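Residue indices begin at 1 and follow the sequence shown. All values derive from a computational prediction rather than experimental measurement.
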Amino acid sequence: MSAVSDRLPTFPWDKLEPYKKTAAAHPDGLVDLSVGTPVDPVPELIQKALIAAADSPGYPTVWGTPELRDAITRWVEHRLGAREVTHRHVLPVVGSKELVAWLPTQLGLGPGDKVAFPRLAYPTYEVGARLARAEHVAYDDPTELDPAGLKLLWLNSPSNPTGRVLAKEELTRIVAWAREHGVLVLSDECYIELGWEADPVSVLHPDVNGGSYDGIVAVHSLSKRSNLAGYRAAFLAGDPAVLGPLLQIRKHGGMMTSAPTQAAVVAALGDDEHVRVQRERYAARRTVLREALLAHGFRIEHSEASLYLWATRDESCWDTVAHLADRGILVAPGDFYGPAGATFVRVALTATDSRIRTAAHRLTP
């Protein structure tokens with residue numbers, strides 16, 4: 001029997017290690033802009049909520065506390081413009097990555113079923129299909145896909161890695177097409193709070209879905225908007241006919257968010273101020289990095305939202321990675337996200353103000 005690991009591609013980040021060593025040898029140290037991991041403090045009100053719930057000796061529930069479900073439903077309506085969201089429309093998950101990786105398996109997909117995702121995309125969409133032994137297909141426009149056997153359609157707006165935002169009209173057209181063909185839409189909206197030159201819209205908005213959640217589920221995370229990557233806190237919102245069975249499966253699998261984390265999420269979703277402050281930090285870093293990259297001869301495409309700049313010098317992405325590593329700067333090669341990224345690199349905004357300024361200085365002609 002083939003090992004499960006044999007179904008998976010080589011873990012891409014291992015390929016970056018030699019370049020990381022080169023960048024780390026810079027006299028003034030490494031500026032790591034390769035991974036979008038938060039570096040700023042967890043907001044104090046969230047830390048206090050976590051600490052207050054630290055004495056949690058019993059098992060938490062997979063569906064979360066009523067307070068958590070209340071917080072999610074309120075946020076989805078307040079922030080995304082969704083309407084008539086109930087507890088049946090929401091489901092906490094243990095960070096969004098595990099959800100993406102295991103969702104096809106939990107949906108019962110397998111050989112003969114197809115999972116589709118953008119041509120430039122987070123690699124875990126493909127990993128999820130491979131784990132389930134399902135087929136996978138990349139698209140430029142999902143409505144041009146052959147719907148035969150297509151069971152799961154991933155959308156990602158704002159995009160990781162490109163920062164592209166799908167317009168409301170585009171989302172509406174895609175949702176209508178998917179419903180016509182009986183295809184489940186999963187919309188990864190984890191960067192929706194980080195729109196810079198565009199205002200991202202959720203598939204949960206009634207202008208997109210016509211007031212119905214049938215056949216659509218949105219994925220949201222607190223990792224970036226609240227600096228909670230270390231907490232593993234995310235949730236789904238959408239079609240109860242999808243979330244109900246998922247809840248039962250996840251109960252059997254013990255896929256539960258810790259009780260202190262649940263309390264922290266309640267605090268995080270109930271406060272907009274810390275999100276505003278964090279957005280301002282990223283906006284300032286984005287301005288500094290963008291200007292430095294342009295001055296250094298890069299071209300930046302899309303990048304109207306999210307935590308990254310999608311940049312190119314019209315050469316092999318690995319040549320660009322090496323060029324920047326020689327300057328002590330580590331970035332992610334675009335082909336991590338698909339062959340279409342072969343001449344691009346993804347530059348993360350997730351470094352301290354000081355290190356961002358250092359990177360900009362090293363890029364100064």
Side-chain angles (χ1 to χ4, degrees), residues 16 19-20 23 26 28-40 118 120-122 156-167 189-200 223-225 227 275-338 340-365:
L16 204 55
Y19 301 90
K20 186 173 184 178
H26 190 280
D28 191 30
L30 167 70
V31 179
D32 192 345
L33 306 179
S34 64
V35 183
T37 186
V39 297
D40 299 303
L120 283 165
Y122 184 46
N156 182 208
S157 176
S159 163
N160 173 16
T162 70
R164 182 188 173 205
V165 172
L166 296 177
E189 302 174 352
C190 290
Y191 295 89
I192 203 164
E193 300 270 26
L194 298 167
W196 312 117
E197 297 160 2
D199 188 13
S223 293
K224 307 304 195 291
R225 52 97 69 189
N227 299 335
V275 180
R276 184 193 65 78
V277 170
Q278 190 60 45
R279 271 183 54 87
E280 288 184 355
R281 289 186 184 125
Y282 285 135
R285 292 167 187 168
R286 180 179 183 273
T287 297
V288 171
L289 267 182
R290 186 176 186 277
E291 291 178 355
L293 288 167
L294 292 173
H296 197 73
F298 280 87
R299 186 177 76 256
I300 295 173
E301 292 191 2
H302 298 302
S303 307
E304 60 259 32
S306 84
L307 277 183
Y308 314 103
L309 293 169
W310 188 238
T312 181
R313 300 202 316 162
D314 295 310
E315 64 185 5
S316 162
C317 60
W318 289 100
D319 288 344
T320 306
V321 169
H323 172 80
L324 293 174
D326 287 340
R327 287 153 181 79
I329 301 169
L330 190 68
V331 297
D335 65 4
F336 277 11
Y337 309 95
T343 60
F344 284 80
V345 293
R346 193 194 72 170
V347 185
L349 309 179
T350 50
T352 63
D353 294 345
S354 172
R355 298 313 278 169
I356 292 286
R357 288 193 298 268
T358 296
H361 177 73
R362 294 179 188 177
L363 293 169
T364 301

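In this structure, Thr358 OG1 and Asp28 CG are separated by 5.5 Å, a value rounded to the nearest 0.5 Å. Taking OG of Ser34 as the start and CD1 of Ile329 as the end, the distance is 12.0 Å to the nearest 0.5 Å. Atom OG of Ser303 and atom CH2 of Trp196 lie 12.0 Å apart (nearest 0.5 Å). Annotation: the span from Tyr122 atom OH to Cys190 atom SG amounts to 8.0 Å, rounded to 0.5 Å. Interatomic distance, Arg285 CZ to Leu349 CG, rounded to the nearest 0.5 Å: 8.5 Å. Taken to the nearest 0.5 Å, the CD atom of Glu291 stands 10.0 Å off from the CD1 atom of Ile300.
In this structure, His302 contributes its side chain and Gly163 its backbone to no donor-acceptor pair below 3.5 Å. In terms of modelled atom types and a separation under 3.5 Å, the side chain of Asp319 and the main chain of Val321 share no donor-acceptor contact. At distances below 3.5 Å, not a single donor-acceptor pair connects side-chain atoms of Arg281 with backbone N or O atoms of Val277. At least one donor-acceptor pair closer than 3.5 Å links the side chain of Arg279 to the backbone N or O of Glu193. Between the side chain of Thr162 and the backbone N or O of Glu301 there is no donor-acceptor pair closer than 3.5 Å.
For the pair Ala311 and Phe298, the tightest heavy-atom approach, listed with the atom from each and the gap, is CB-CD2, 3.7 Å. Annotation for Pro38 and Ser223: closest pair CG-O, 3.3 Å, computed over non-hydrogen atoms. Taking all atoms of both residues into account, the shortest heavy-atom contact from Ala351 to Val39 is C-CG2, 3.7 Å. Across all their heavy atoms, His296 and His323 have their closest contact at NE2-NE2, 2.8 Å.
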Walk me through it: do Arg346 and Val331 pass the test side-chain contact (heavy atoms from CB on, under 4.5 Å)? CA-CA 6 Å; Arg346 193 194 72 170; Val331 297; over 6 Å; no
Step by step, would you call Leu33 with Leu289 a side-chain contact (heavy atoms from CB on, under 4.5 Å)? CA-CA 10 Å; Leu33 306 179; Leu289 267 182; 4.0 Å; yes
Would Trp310 and Leu120 satisfy side-chain contact (heavy atoms from CB on, under 4.5 Å), going step by step from the backbone distance to the final call? CA-CA 11 Å; Trp310 188 238; Leu120 283 165; 3.9 Å; yes
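Applying the side-chain contact (heavy atoms from CB on, under 4.5 Å) criterion to Cys317, with sequence neighbours excluded, gives Pro333, Asp335, Val345. By the side-chain contact (heavy atoms from CB on, under 4.5 Å) test, Thr312 pairs with Arg299, Asp314, Thr343, Phe344, sequence neighbours left out.
Taking the side chain as every heavy atom from C-beta outward, Arg225 and Leu194 never approach each other to under 4.5 Å. Val347 has its side chain out of reach of Tyr308: every pair of non-hydrogen atoms, C-beta onward, lies at least 4.5 Å apart. In this structure, the side chains of Leu307 and Thr350 come closer than 4.5 Å at one or more pairs of heavy atoms.
For the residue pair Ser157/Glu189, the side-chain donor-acceptor check at 3.5 Å is not satisfied.
Ion pairing between a basic and an acidic side chain is recognised when a charged N comes within 4.0 Å of a carboxylate O; Arg286 and Glu197 show such pairing. At a threshold of 4.0 Å, the pair Asp32-Arg355 does not count as salt-bridged, since none of the basic side-chain nitrogens sits closer than that to a carboxylate oxygen.
Between Tyr19 and Trp318, the distance from one ring center to the other falls under 6.0 angstrom.
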